[in-house]
Amino acid sequence: MMAMAGSAVGLGNIWRFPYIVGEYGGAAFILVYIVATIFLSLPVFLSETIIGRRSRSNTFGAMEKLAPGTPWKWLGLATVISTMILLSYYSVVGGWSVEYLFKSLAFDFTGVPSEEMTGVFGNFISSTWEPVVMHTIFLLMCAGIILGGVKKGIERFSKITMPILFILIVVIMGYAISLPGSGEGVRYLLKPDWSKLSAEAVAAAIGQSFYSLSLGVGTILTYGSYVRREENLLASSAGTATSDLLFALLAGFAIMPAVFAAGIAPGSGPGLVFETLPFIFNKMSGAVPLLGAIIAILFFLTILVAALTSAISLLEVGVAYLCEEKKLSRPVATGVLFVFVWGIGILCSLSFGSLSELKILGCTIFEFFDKLCSNYLMVLGGLLFTIFVGWKMSRDDVRDELTSGGRYANRIFPALWFLIRYIAPLAVLAIFITNLVL
Ligand code: PFF
């Protein structure tokens with residue numbers, strides 16, 4: 001369960017959430033995001049854990065076990081492909097955090113004015129070699145942990161770093177809010193401007209919620225297959241969703257006030273966090289010498305770990321499939337997937353520089369994969385997982401999983417069942433269609 005929280009809390013909360021909020025206009029978007037997390041993401045999360053624990057298998061095997069001889073197994077196989085695509089561009093951003101950790105260790109931010117930080121980031125991501133090398137380092141770390149196994153490798157890691165990350169974000173948030181000019185940023189996050197809430201923004205809020213909770217691509221299903229029978233699925237899933245939401249909100253309140261204080265445009269895209277954080281750290285060091293530099297090191301280190309615990313959950317989907325279904329050894333499975341993800345990741349990385357002119361449906365390769373995953377693959381996967389649990393599995397089996405065989409009373413089961421069977425699939429289908437039309 002700690003590993004599930006590790007999968008959920010990652011770059012999606014710290015890097016993606018603030019800039020998506022900035023692109024779609026602040027408070028109104030956040031409200032939709034919170035409602036979607038409770039009423040849509042939680043049922044999808046539960047559906048995946050139910051399938052995982054019931055079948056005790058990888059995504060493909062799970063479908064074969066619970067619905068033998070049906071086309072559902074192709075959903076299982078499709079998730080292996082989705083996770084590898086997602087990992088390939090996630091690893092590029094993971095590489096950015098490696099670079100920023102190195103930069104903070106070398107005290108590279110100290111004294112650099114905020115206008116220059118934007119240029120520093122732009123030059124870095126558009127160069128050819130450095131981001132590719134960082135992506136490689138990140139992916140190698142990820143493969144190394146996967147080889148160590150889920151329990152030893154992943155759990156031990158997350159248990160120590162998650163609380164540290166939490167404390168650091170709270171400290172940074174407190175400081176950011178105290179900066180002159182930050183009030184505008186706080187207002188931006190608290191005062192909804194409903195006129196900015198387009199259908200596209202609603203769809204993006206739901207996409208972000210799925211992304212943040214690692215839904216629709218079989219990651220939670222795979223981890224669910226390792227969860228013990230005695231564990232309370234509802235309590236742990238709700239706990240994971242709550243902490244993930246909290247991390248995202250804290251990151252928003254740490255970054256957005258500083259964005260306004262630094263005079264950066266909130267809608268400036270994927271670089272937002274990397275351009276804003278050094279500004280905060282510099283200001284801190286201005287107030288207390290070296291304080292910002294030290295917090296920067298700790299912060300980028302914990303971001304890196306949060307990114308790694310998410311990335312390994314993506315890799316684990318493919319590794320579990322290849323080991324259980326194709327009988328490959330863990331090292332061979334990891335190696336095969338590494339090569340695939342590494343190659344696509346390089347293209348994603350170059351799409352900020354030498355390949356920036358190469359467009360797929362008007363998007364760069366990186367943007368295309370990000371949109372493909374969060375607007376389509378995750379949404380479609382989430383839809384199918386809820387349909388599977390609500391319509392293919394029996395009510396008794398679902399109740400049995402949610403109560404761990406009657407061990408836990410679950411008075412809200414009828415409401416959950418209703419959400420899983422009707423509300424979630426219908427709403428998610430509506431979002432999928434909206435995305436297609438848009
Ligand atoms: N939830 C992760 C984050 O917020 O960074 C990203 C992610 C991990 C998405 C695993 C999907 C996934 F399967």
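Counting from 1, the numbers follow the sequence of the chain as shown. Side chains are part of it too, since the values below use all heavy atoms of this structure and drop only hydrogens, waters and symmetry mates. Every number for a ligand or one of its atoms is a count from 1 in the order of the listing.
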message = Tell me whether the rings of F109 and F300 are parallel (<30°), tilted (30 to 60°) or perpendicular (>60°).
response =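 The rings of F109 and F300 sit tilted, inter-plane angle from 30° to 60°.
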inquiry  = Parallel, tilted or perpendicular, judged at 30° and 60°: which one describes the rings of Y33 and F29?
reply    =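 Ring orientation of Y33 relative to F29: parallel.
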Per-atom contacts, ligand 1 versus [X] - under 4.0 Å to a heavy atom:
| X | value |
| --- | --- |
| T219 | 12 (C), 13 (F) |
| S313 | 10 (C) |
| A8 | 1 (N), 2 (C), 3 (C), 4 (O) |
| M378 | 9 (C), 11 (C) |
| Y211 | 1 (N), 2 (C), 4 (O), 6 (C), 7 (C), 9 (C) |
| L11 | 5 (O) |
| N13 | 4 (O) |

query = Should E99 and K103 count as an ion pair when the cut-off is N to O under 4.0 Å?
reply =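 Counted as a salt bridge, because a side-chain N and a carboxylate O are separated by less than 4.0 Å.
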key: ligand 1 to L314 polar contact by distance, N or O atoms, under 3.5 Å   =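 So ligand 1 has no N or O lying under 3.5 Å from an N or O of L314.
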query = So which heavy atom on P18 is nearest to which on V273, and how close?
reply =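 Closest heavy-atom pair between P18 and V273: CG-CG2, 4.0 Å.
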key: Minimal non-hydrogen separation, V379 against V428, with atom names   =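 Here V379 and V428 meet closest at O-CG1, 3.4 Å.
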key: Closest protein heavy atom to atom 8 (C) of ligand 1, given as residue, atom name and distance to 0.1 Å   =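 Checking every protein heavy atom, the shortest distance to atom 8 (C) of ligand 1 gives S214 OG, 3.3 Å.
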ask   = Looking only at protein heavy atoms, which one is nearest to atom 5 (O) of ligand 1, and how far off is it?
value =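 Result: Y90 OH, 2.5 Å.
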message = Can you check which of G12, S7, G10 brings a heavy atom nearest to atom 2 (C) of ligand 1?
response =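 Result: the heavy atom closest to atom 2 (C) of ligand 1 is in S7.
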query = Out of curiosity, is V217 lining ligand 1, as in a heavy atom under 4.0 Å away?
reply =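 A heavy atom of V217 does come that close to ligand 1.
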Below 3.5 Å, can you tabulate the donor-acceptor pairs from side chains in residues 129-140 to any protein atom, sequence neighbours excluded?
unit_1, atom_1, unit_2, atom_2, d
H135, ND1, S91, OG, 2.8
H135, NE2, W342, O, 3.1
T136, OG1, V132, O, 2.7
T136, OG1, W342, NE1, 2.9

request  = Could you tell me whether W96 and Y100 have their ring centroids closer than 6.0 angstrom?
outcome  =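 Not close enough - the centres of the two rings lie 6.0 Å or further apart.
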Ring centers of F274, F121 separated by less than 6.0 Å =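 Yes, ring centres under 6.0 Å apart.
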